[in-house]
Amino acid sequence: MGHPAPGTDREDGPGPSLARVHHHLTISEQQPAFTLTTAAEPAHSLCTIAPQAGATDRQTVYTVHDGYGRFIGQVTHERSPRGIRQAWRIEDADRQYSVTAYKGNIRGWITYWAFSPFWVILALLDLLNGGTHSSWWLWDKPRRAHWRTRSSNGPRKPALDFKSGRYRADTGLLDANLIYAQAVLYGA
C-alpha cells in the first residue's frame, strides 16, 4: 500500500497528495527501492528510485527512471566536503543541471548545539506538561535544505527548498519526478 509523499500538504492544512510512495523491500539492486504513483490513479507510475551498485560508506547514488522506464537523473547522498553535514545532489540525465544541498543551515546547527545542555531540563518540562513522547523540536537535528546550482558568481536561486516539512520547487530547473524522488529519499 502506498503512503502520501512527504511535504505534500497545503499551507491551509492537509490537502490532497501529489503522489503515493510504495517502498519495496528487495535485496536485488536491479529492483527499485521506491515507486511513486499518482494519488488519483495508483496504477499510473510517476517514477522509480533504485540504489546503484557499489555504494560506499561515504556515498550512495540512486537512479531515477520515469514511469516509462527512461532514465531521467540521479540523486546522490554523501558527506559535505568538510565531512560535517549530509549533502544531497540532484543531477538530471542530460547533466544540464546539478543542484546541491547541505542538511541544516549554520543558524540551525548553532542553535541545536547551544541548547543541547538544556535538553534534560526541556525533557522534564515536557513530561511535566503531560508529554508522553518527545517532541520533534526537542531532539531533531536541523533539517532545512536549499538545493542550489553553483556558478562563478556565487549561489543562485534555489531549485528546491525544504523548510518546516514543506517543499518549494522551481520545476523550470528540475524535472518534477526528480523533485519527488529527492523528497522521498530526504524523508526516508
Side-chain angles (χ1 to χ4, degrees), residues 2-21 23 33-39 46-49 51 59-67 72-115 135-188:
H3 303 283
T8 57
D9 53 339
R10 298 184 310 221
E11 291 194 23
D12 60 346
S17 297
L18 300 175
R20 295 192 82 60
V21 179
H23 186 224
F34 298 98
T35 300
L36 277 70
T37 60
T38 61
L46 293 172
C47 66
T48 59
I49 308 163
Q59 183 182 61
T60 305
V61 178
Y62 299 90
T63 58
V64 183
H65 294 82
D66 67 8
I72 57 172
Q74 66 185 24
V75 176
T76 305
H77 181 220
E78 59 193 345
R79 302 300 295 174
S80 66
R82 293 185 184 155
I84 299 170
R85 298 189 287 173
Q86 292 181 26
W88 291 90
R89 186 174 64 244
I90 307 170
E91 296 174 307
D92 66 352
D94 301 329
R95 300 217 186 249
Q96 291 180 344
Y97 291 105
S98 175
V99 295
T100 304
Y102 300 104
K103 189 172 185 180
N105 59 17
I106 300 300
R107 183 178 54 207
W109 283 105
I110 289 172
T111 304
Y112 177 79
W113 289 111
F115 278 98
S135 302
W136 66 269
W137 60 269
L138 187 57
W139 308 111
D140 202 18
K141 295 178 182 174
R143 297 183 47 86
R144 180 159 191 188
H146 297 286
W147 282 263
R148 298 178 186 264
T149 57
R150 296 287 176 190
S151 70
S152 59
N153 300 344
R156 293 185 182 172
K157 176 183 166 194
L160 181 62
D161 183 34
F162 175 76
K163 179 182 178 184
S164 302
R166 300 184 198 286
Y167 288 91
R168 295 186 190 267
D170 181 353
T171 55
L173 290 176
L174 290 173
D175 182 288
N177 291 328
L178 284 173
I179 294 168
Y180 293 153
Q182 177 61 73
V184 168
L185 292 170
Y186 196 69

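Atom set for the values below is all heavy atoms of this structure, side chains included, hydrogens, waters and symmetry mates excluded.
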Where do [X] and [Y] come nearest, in terms of heavy atoms and distance?
{"X": "Thr100", "Y": "Arg89", "value": "OG1-CG, 3.6 Å"}
{"X": "Arg85", "Y": "Lys103", "value": "CD-O, 3.2 Å"}
{"X": "Tyr186", "Y": "Ala145", "value": "OH-CB, 3.7 Å"}

Which value, rounded to the nearest 0.5 Å, describes the distance between [X] atom [atom1] and [Y] atom [atom2]?
{"X": "Arg148", "Y": "Leu160", "atom1": "CZ", "atom2": "CG", "value": "11.5 Å"}
{"X": "Gln182", "Y": "Thr76", "atom1": "CD", "atom2": "OG1", "value": "9.5 Å"}
{"X": "Asp92", "Y": "Asn177", "atom1": "CG", "atom2": "CG", "value": "12.5 Å"}
{"X": "Gln59", "Y": "Arg79", "atom1": "CD", "atom2": "CZ", "value": "13.0 Å"}
{"X": "Leu185", "Y": "Tyr62", "atom1": "CG", "atom2": "OH", "value": "5.5 Å"}
{"X": "Leu36", "Y": "Arg20", "atom1": "CG", "atom2": "CZ", "value": "11.0 Å"}

Given Ile49, Val64, Thr63, the one that forms side-chain contact (heavy atoms from CB on, under 4.5 Å) with Val75
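The option that passes is Val64.
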For the rings on Phe162 and Trp88, is their centre-to-centre separation under 6.0 Å?
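Here the rings of Trp88 and Phe162 have centres that are no less than 6.0 Å from each other.
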